[in-house]
2 protein chains.
Amino acid sequence: MALNLMETLKGYLKEKGLKQTRQREVIASTFFKTDKHIGIEELLEKVKNIEPSIGYVTVYRTLLLLKECGLAHQRNFGDGQSLFENAGEHHDHMICIKCGKIVEFEDDRIEALQEEVAKNYHFKIVSHRHEIYGACSFCQTE
Amino acid sequence: MALNLMETLKGYLKEKGLKQTRQREVIASTFFKTDKHIGIEELLEKVKNIEPSIGYVTVYRTLLLLKECGLAHQRNFGDGQSLFENAGEHHDHMICIKCGKIVEFEDDRIEALQEEVAKNYHFKIVSHRHEIYGACSFCQTE
DNA sequence: TCTTCCTTGAAAGTTACTTTCAATATAGTT
DNA sequence: AACTATATTGAAAGTAACTTTCAAGGAAGA
Ligand SMILES: [Mn+2]
Ligand SMILES: [Mn+2]
Ligand SMILES: [Zn+2]
Ligand SMILES: [Zn+2]
């Protein structure tokens, strides 16, 4: 999988006249191996273990690049910082306001009703976000 | 309506040992008269027409106060700044990414399905946000 | 190898708040 | 009305999380 993703990235770079670099290789491959929602600083810590000279800005720019070529999604769950995740099937999120746990969900019935609502207002959907905030199963017994 | 709202605010102030001031009166009454989603700067401009000496910070703090006593909701539609609106029936939003128009919607079926999803994950809902981004009816003919 | 254009990291800049602080304004008590 | 304790205000300073700038260094086609 990660190999495929890297190939996709390389194809995009070539197509846009951009260059392959050690930094992009390290940052992207580390990101592709991550299976959760990760912030810039946190990803920076990981890549620094491999290549200590890499800076915040390069991680930031590489994540924007991955987003641009459709390999990453940027999320904002209200705590002020962006989290990135590997692109995949569409889904929405439930966020625990006590422990920060993020649970992904997807419900085709909700998606369909959403389409219906938009249609009623002659509104053409480009994207959406549906976030549920509350207490996860572990955090309910205070 | 606005009178009732002002009374509610005054009750809250008294209850918390806070004070009634000319600034709070002007800011709150101006806000209560606003029927759209309004930013701090924009509300500041309005109140300055009545009381030019009022500053940004007082508007900011008063909006937090209104939020605290349940008379205002704070929204973030992704453009970086907060918008406030008078509290009322729960609803979600569709935001036009071309002209910025905000359309409110509410669908009990979606709300119910959302409850169902949360229940499946043993997740206790505290709040949620469901935002649809796209083109409003006016902005579809580019 | 040459040369052009891209990339990098540090530092500076930006935005939208958020906090601090000294002066001033409430409002309950004489 | 005067007194007093506490809250409020506005200007200015501080913060957080990016975002842009720029000079030095690194790809990659010729
Ligand atoms: Mn996700
Ligand atoms: Mn609304
Ligand atoms: Zn939790
Ligand atoms: Zn529009």
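Because the structure is a prediction, the values reported are computed rather than measured. Throughout, a chain's letter reflects where its sequence line sits, starting with A, and its residues are numbered from 1.
Hydrophobic clustering, with ILVMFWY side chains joined whenever heavy atoms are under 4.5 angstrom apart, groups B/I54 together with B/L64.
Using bins of under 30°, 30° to 60° and over 60° for the plane-to-plane angle, the ring pair B/Y60/B/Y56 lands in the parallel bin.
For the salt bridge (charged side-chain N to carboxylate O under 4.0 Å, His left out) with B/K36, the lone residue among B/E42, B/E104, B/E85 that qualifies is B/E42.
Between the C1' atom of C/dA16 and the CZ atom of B/R61 lies a distance of 16 Å, rounded to the nearest Å. As rounded to whole Å, 8 Å separates atom P of C/dT7 from atom CG of A/L65. The distance from atom CG of A/L83 to atom C1' of D/dC18 is 14 Å, rounded to the nearest whole Å. Between the CD1 atom of A/I54 and the C1' atom of D/dG25 there is a distance of 15 Å, given to the nearest Å. Rounding to whole angstrom units, CZ of residue B/R22 and C1' of D/dG10 are separated by 17 Å. Look at CD on A/E41: it is 10 Å from C1' on D/dC18, rounded to the nearest Å. We find that CD of A/E15 is positioned 15 Å from P of D/dG29, with the value rounded to whole Å. Across the protein-nucleic acid pair, B/L18 atom CG and D/dT9 atom C1' stand 14 Å apart, rounded to whole Å.
Between B/Y60 and the phosphate of C/dT18, there is a side-chain N or O to OP1/OP2 separation shorter than 4.0 Å. Contact between the side-chain N/O atoms of A/S53 and the OP1/OP2 oxygens of C/dT8 is not found at any separation under 4.0 Å. At C/dT8, one or more side-chain N or O atoms of A/R24 fall inside 4.0 Å of OP1 or OP2 (strictly under the cut-off). At the phosphate of C/dG9, OP1 or OP2 sits under 4.0 Å from a side-chain N or O atom of A/Q23.
For the pair B/G80 and B/K14, both in contact range of DNA chain C, the more 5′-proximal nearest nucleotide belongs to B/G80. Take the nearest nucleotide of DNA chain D for A/S82 and for A/T21: the residue whose nucleotide is more 5' is A/S82.
Out of C/dC17, D/dA27, C/dT8, the shortest distance to the side chain of A/K19 is found at D/dA27.
For A/K48, the NZ atom sits in a packed shell: over 12 heavy atoms of surrounding residues, nucleotides or ligands are nearer than 6.0 Å.
Defined by atom type and a distance below 3.5 Å, a donor-acceptor pair is missing between the side-chain atoms of A/H130 and A/H93.
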